[in-house]
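Below: the structure, in C-alpha cells.
Values below: every heavy atom of this structure, side chains too, minus hydrogens, waters and symmetry copies. Note that the coordinates shown come from a computational prediction; the quantities given were computed from them, not determined experimentally. Positions are given from 1 along the sequence.
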Amino acid sequence: MIRSIQAEDNSTIEIIIRQCLIEFGGNREGLAWEDESLGHLSDYYNQEGRKYWVVFDSGGKMLGGCGIAEFGSPENKICELQKMYLLPEARGTGAAAELLRTALLFAQRHYDACYLETLKTMEAANRFYVKHGFQSLDAPLAGSDHFACDAWYIRKLN
C-alpha cells in the first residue's frame, strides 16, 4: 500500500531514512543526514508542487518512502526525487518501482524534468534509476544542497 505521508509517519520514516543512510555511508555532512526536515517530512511536503509517499507491507509495517519537491526556483520546472529509501526487506519486491511510478506521475503534472542525487556506493539504486529512464550526469545541477553526493541523474518528464 502506498499513501501520502501523514504527521504520525514522521518519526518512522526518519528512522528508516537514517538507517539506510548509515547502511550506505551516508550519515555525514553534505547529505540528507543533516536535513532539518527529516523529523517533519509531512510538513515540508505539504506544499504546492511537493509530495511524499510512504509504502507499507501487507501487515501494515512501513517499509520506506520517497518525495518530489522543486529543485531550485519554481520557474525552472525541474523537480527532485528526494529521500527515496527502503528497508532491506523491501528491496527487490517491486515497492521501489511502485513508489517511483507514483512520484513520477505526480511530477509530470508540475514539472518538465526530474533530477536526483545519490551515492555511487548505492549500486543497486544507480542501476534502478537507469532502468527507469534516468540519464547519468557528469556533475550536479547548479544549486544542489547535497554536496557529498557523487552520482547525479535526470529524466525528462514531458
Side-chain angles (χ1 to χ4, degrees), residues 2-5 9-10 13-14 16-21 23-26 30-38 40-56 62-88 90-158:
I2 296 175
R3 66 165 168 75
S4 297
I5 194 168
D9 302 326
N10 285 335
I13 196 65
E14 179 181 10
I16 291 170
I17 292 169
R18 290 190 184 282
Q19 184 177 339
C20 292
L21 286 168
E23 177 183 356
F24 292 101
L31 296 169
W33 185 263
E34 293 186 320
D35 192 331
E36 295 175 12
S37 72
L38 278 186
H40 51 91
L41 291 182
S42 65
D43 295 332
Y44 177 80
Y45 286 96
N46 189 21
Q47 299 179 37
E48 181 68 28
R50 296 180 186 179
K51 194 155 180 138
Y52 195 91
W53 300 268
V54 288
V55 61
F56 296 85
M62 188 184 298
L63 300 173
C66 75
I68 291 287
E70 68 279 347
F71 182 83
S73 59
E75 62 271 358
N76 75 13
K77 302 296 280 178
I78 297 174
C79 66
E80 183 176 9
L81 180 70
Q82 300 180 335
K83 297 166 187 66
M84 184 163 178
Y85 295 102
L86 290 172
L87 291 173
R91 299 176 197 155
T93 66
E98 261 318 290
L99 276 170
L100 182 62
R101 185 188 69 74
T102 301
L104 292 177
L105 283 172
F106 171 84
Q108 286 176 327
R109 293 191 308 254
H110 301 278
Y111 302 99
D112 295 330
C114 184
Y115 172 73
L116 70 90
E117 304 171 318
T118 191
L119 299 171
K120 289 179 183 175
T121 57
M122 298 178 79
E123 294 173 8
N126 285 274
R127 288 190 306 272
F128 173 82
Y129 296 130
V130 170
K131 176 183 172 183
H132 287 89
F134 284 84
Q135 297 180 337
S136 180
L137 298 172
D138 293 330
L141 293 181
S144 171
D145 290 334
H146 298 134
F147 58 83
C149 288
D150 57 6
W152 312 275
Y153 295 90
I154 196 154
R155 177 180 162 171
K156 293 186 189 263
L157 298 174
N158 301 313

Report summary line: Between Ala95 and Ala90, the two heavy atoms sitting closest are CB-O, 4.2 Å
Report task. Calculate, to the nearest 0.5 Å, the distance between atoms CD1 and NZ belonging to Ile5 and Lys83 respectively. Result -> 10.5 Å
Query raised in the report: Can any side-chain N or O of Tyr44 pair as donor or acceptor with the backbone N or O of Ala69 at less than 3.5 Å?
Result: no
Requested in this report: Report the distance from atom CG of Leu41 to atom CZ of Arg50, rounding to the nearest 0.5 Å.
Outcome: 11.0 Å
**Report entry** Min side-chain heavy-atom separation Glu117-Glu80 under 4.5 Å
**Finding:** yes
Query raised in the report: With sequence neighbours left out, what residues match Ser4 under side-chain hydrogen bond (donor to acceptor under 3.5 Å, both in side chains)?
Result: Lys51
Report task. Start with the C-alpha distance between Thr118 and Phe24, add both sets of side-chain angles, then the distance that settles side chain to side chain contact (heavy atoms under 4.5 Å, CB included), and finish with yes or no. Result -> CA-CA 10 Å; Thr118 191; Phe24 292 101; over 6 Å; no
Requested in this report: Output the distance between atom CD1 (Ile154) and atom NZ (Lys156), rounded to the nearest 0.5 Å.
Outcome: 7.5 Å
Requested in this report: Please examine the side chains of Trp53 and Ile68, heavy atoms only from C-beta on, and report whether any two atoms are closer than 4.5 Å.
Outcome: yes
Query raised in the report: At what distance, to the nearest 0.5 angstrom, does CE of Met62 lie from CG of Leu86?
Result: 11.5 Å
Report task. Indicate the atoms forming the closest heavy-atom contact of Ala107 with Leu157, along with that distance. Result -> CB-CD1, 3.7 Å
Query raised in the report: For the residue pair Gly65 and Ile13, what are the closest heavy atoms and their distance?
Result: N-CD1, 3.7 Å
Query - Minimum side-chain heavy-atom gap Leu100-Cys66 below 4.5 Å - result: no
Query raised in the report: About how many Å separate CG of Leu119 and SG of Cys149, when rounded to the nearest 0.5 Å?
Result: 5.5 Å
Query raised in the report: Shortest non-hydrogen contact from Cys20 to Tyr85?
Result: CB-CD2, 3.6 Å
Query raised in the report: Counting only N and O atoms by type, is there a donor-acceptor contact under 3.5 Å from the side chain of Asn158 to the main-chain atoms of Tyr111?
Result: yes
Query raised in the report: Taking the side chain from Asp9 and the backbone from Ser42, do they hold a donor-acceptor pair closer than 3.5 Å?
Result: no
Query raised in the report: Got a second to check how far Leu99's CG is from Met84's CE, nearest 0.5 Å?
Result: 5.0 Å
Query raised in the report: With side chains defined as the heavy atoms from C-beta onward, is the minimum distance between Gln82 and Ser37 less than 4.5 Å?
Result: no
Report task. Scan residues 124-138 for pairs that pass side chain to side chain donor-acceptor pair (under 3.5 Å), counting only residues two or more places apart or in two chains. Result -> Asn126-Tyr153
Query raised in the report: Could you go step by step and tell me if His110 and Glu70 meet the side chain to side chain contact (heavy atoms under 4.5 Å, CB included) rule?
Result: CA-CA 9 Å; His110 301 278; Glu70 68 279 347; over 6 Å; no
Query - For the student: nearest non-hydrogen atoms of Phe71 and Asn76, plus distance - result: O-ND2, 2.6 Å
Query raised in the report: Got a sec: does the CD of Glu48 have more than 12 other heavy atoms crowding it under 6.0 Å?
Result: no
**Report entry** Any donor-acceptor pair under 3.5 Å from Tyr115 side chain to Leu141 backbone
**Finding:** yes
